[in-house]
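Comments concern the structure below.
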Amino acid sequence: MRIRILVLSTLLALSGAASALTPDDVKSALAAEVKATDPAFKDFSAQRGNVFFHARHGGEWSCATCHTELPAASGQHTVTKKPIRPLAPAANAERFTNQDKVDKWFKRNCNDVAKRACTAREKGDLLAYLMSVKP
Amino acid sequence: METTAMNSQSTPAGGKPTHIRILVWDVPVRVFHWALAGSFITAFVTAESEAFRNVHVVSGYLMLALIVFRVVWGFVGTRHARFSDFVRGPGAVVNYVRSLINGNPEHHVGHNPAGALAIILLLLLGVGTVASGWMSFNEIGGDALGELHEGIATTMLAVVVVHVLGVIVSSFLHRENLLRSMLTGYKDGPREDGIGHRRGIIAIALVAVLGWFGWGLTQGQFPGLLDANAAAQQAHHGESGEHDDED
Ligand code: HEM
């Protein structure tokens with residue numbers, strides 16, 4: 001009984017926490033993070049993000065391996081072959097609207113691609129690039 | 001086991017009957033135990049990387065298959081493997097823990113009541129982990145289910161830690177090497193508490209069925225569980241690690 005209530009309230013809390021965040025919010029949070037260590041910082045570069053997204057970083061994969069060369073398209077998981085919905089917010093309104101999900105996948109995917117965490121600046125550049133992609 | 005003039009519990013302390021080396025855990029229980037530990041650890045350490053997704057999923061399914069077997073064995077297995085031998089109410093757990101604190105530990109040839117509680121929790125959490133993992137793998141239930149999956153798995157890890165600590169502490173309190181008994185099957189105890197059969201054939205059948213199931217998964221024989229061409233691709237990469245044959 002207790003457990004059922006616990007599970008239900010967890011589910012509710014998790015689904016409620018997902019609301020009302022925009023890709024711009026995510027980006028400003030990253031910008032604040034960079035500014036904290038580099039006061040001269042102005043803005044993220046979609047160009048640098050573009051390069052990072054399509055390049056390999058020492059491993060077998062790039063971001064494009066799963067999220068396709070054109071992240072407005074549907075991708076495919078290179079190991080499980082499961083479809084992945086487009087990563088660009090313009091093509092998929094659900095992207096970058098849940099901070100926990102963004103953090104979780106940046107962590108996992110940067111580890112898979114670059115064998116390390118991405119810096120706040122890299123993440124911001126990537127996001128700037130993804131936000132610039134039009135379907 | 002020092003000064004014990006406690007009020008009488010259900011402890012059959014005192015003049016023990018002659019203890020000999022008796023078989024307590026049949027082979028299927030021991031194979032189950034170490035295969036379960038192996039599959040849990042494998043699934044846990046492969047969770048963080050997309051590269052090991054298929055290994056993660058296969059070890060999860062093997063864990064569930066093991067638990068299904070154990071539930072059946074809990075009804076038809078040898079004496080100390082049966083749920084009826086070790087599943088007891090909360091009162092028994094409280095009494096047992098109290099007996100530990102009092103320094104006059106109740107002795108149980110099979111699982112003690114506190115250990116039994118951890119076992120039941122581990123079986124339930126194992127089922128919950130795989131069920132929620134299967135659902136998030138198939139995108140049923142959205143992000144929340146993925147979080148739930150991680151939450152259950154982390155809880156299970158915590159219970160495993162408590163379980164292992166419990167084994168160590170009990171081993172000292174009872175002056176009895178429980179870890180060795182889960183490897184060899186033997187403990188010291190009165191002759192009438194032993195079991196008569198090893199049930200080795202059942203253990204061989206268990207390993208064979210699990211091997212067939214694990215192999216089938218990697219070959220895409222069960223497309224509802226793991227996608228076919230994905231598994232073939234994984235096989236080309238020469239992944240291994242979905243076999244369990246320890247004892
Ligand atoms: C890693 C994950 C582990 C899981 C999921 C796990 C789970 C279990 C389960 C389900 C049982 C009940 C066995 C049965 O009746 O079929 C059990 C018993 C037992 N486990 Fe583990 N175990 C794990 C690790 C370990 C480790 C590392 C040790 C060694 C210290 C250990 C030592 C034992 C012992 C000695 C018993 C018998 C306890 C008793 O005498 O009542 N386990 N475990």
Side-chain angles (χ1 to χ4, degrees), chain A residues 2-19 21 56-67 74-85 87 92-117, chain B residues 45-58 60-61 90 120-121 124-125 127-129 131-152 154-155 159 217-218 220 222-239:
Chain A
R2 250 244 194 82
I3 291 190
R4 197 178 306 164
I5 291 169
L6 211 96
V7 167
L8 269 178
S9 49
T10 312
L11 284 173
L12 278 176
L14 287 168
S15 51
S19 60
L21 191 80
R56 294 218 211 141
H57 303 270
E60 225 181 295
W61 301 336
S62 68
C63 307
T65 307
C66 292
H67 294 295
S74 279
Q76 191 192 47
H77 193 294
T78 180
V79 173
T80 63
K81 300 292 177 255
K82 283 188 175 295
I84 300 176
R85 282 182 294 278
L87 192 55
N92 179 354
E94 285 179 14
R95 291 304 184 190
F96 301 96
T97 56
N98 176 343
Q99 190 65 50
D100 288 342
K101 181 167 185 187
V102 172
D103 291 342
K104 167 179 169 177
W105 287 97
F106 263 136
K107 178 160 172 268
R108 289 177 75 91
N109 288 342
C110 286
N111 259 324
D112 274 317
V113 168
K115 312 278 175 249
R116 61 170 174 84
Chain B
V45 299
T46 53
E48 275 307 306
S49 167
E50 290 303 309
F52 300 128
R53 249 314 168 85
N54 288 343
V55 179
H56 176 77
V57 171
V58 168
Y61 289 143
I120 298 305
L121 276 176
L124 290 174
L125 288 167
V127 173
T129 314
S132 59
W134 179 83
M135 285 173 81
S136 54
F137 194 53
N138 289 287
E139 300 188 36
I140 303 164
D143 299 337
L145 227 103
E147 302 285 335
L148 187 65
H149 176 60
E150 289 173 31
I152 302 176
T154 310
T155 311
V159 178
L217 280 170
T218 65
F222 307 99
L225 300 179
L226 193 66
D227 191 79
N229 50 18
Q233 157 118 1
Q234 184 85 348
H236 287 307
H237 279 274
E239 289 291 351

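Naming: A, B, ... by sequence-line order, numbering from 1 per chain. Small disclaimer: the values here were computed from a predicted structure and weren't measured.
Atom CG of A:D112 and atom CZ of B:R53 lie 9.5 Å apart (nearest 0.5 Å). From B:L226, atom CG reaches atom NZ of A:K81 across 11.5 Å, with rounding to the nearest 0.5 Å.
Residues passing the side-chain contact (heavy atoms from CB on, under 4.5 Å) test with B:I120, sequence neighbours excluded: B:F83, B:F86, B:V87, B:L124. A:N111 meets the side-chain contact (heavy atoms from CB on, under 4.5 Å) test with A:K107; sequence neighbours excluded.
Per-residue heavy-atom pair counts under 4.5 Å with chain A were compared for B:G142, B:G151, B:S49, and the maximum is reached by B:S49. Of the listed residues (A:K104, A:R108, A:K82, A:H77), the one with the most heavy-atom contacts under 4.5 Å to chain B is A:R108.
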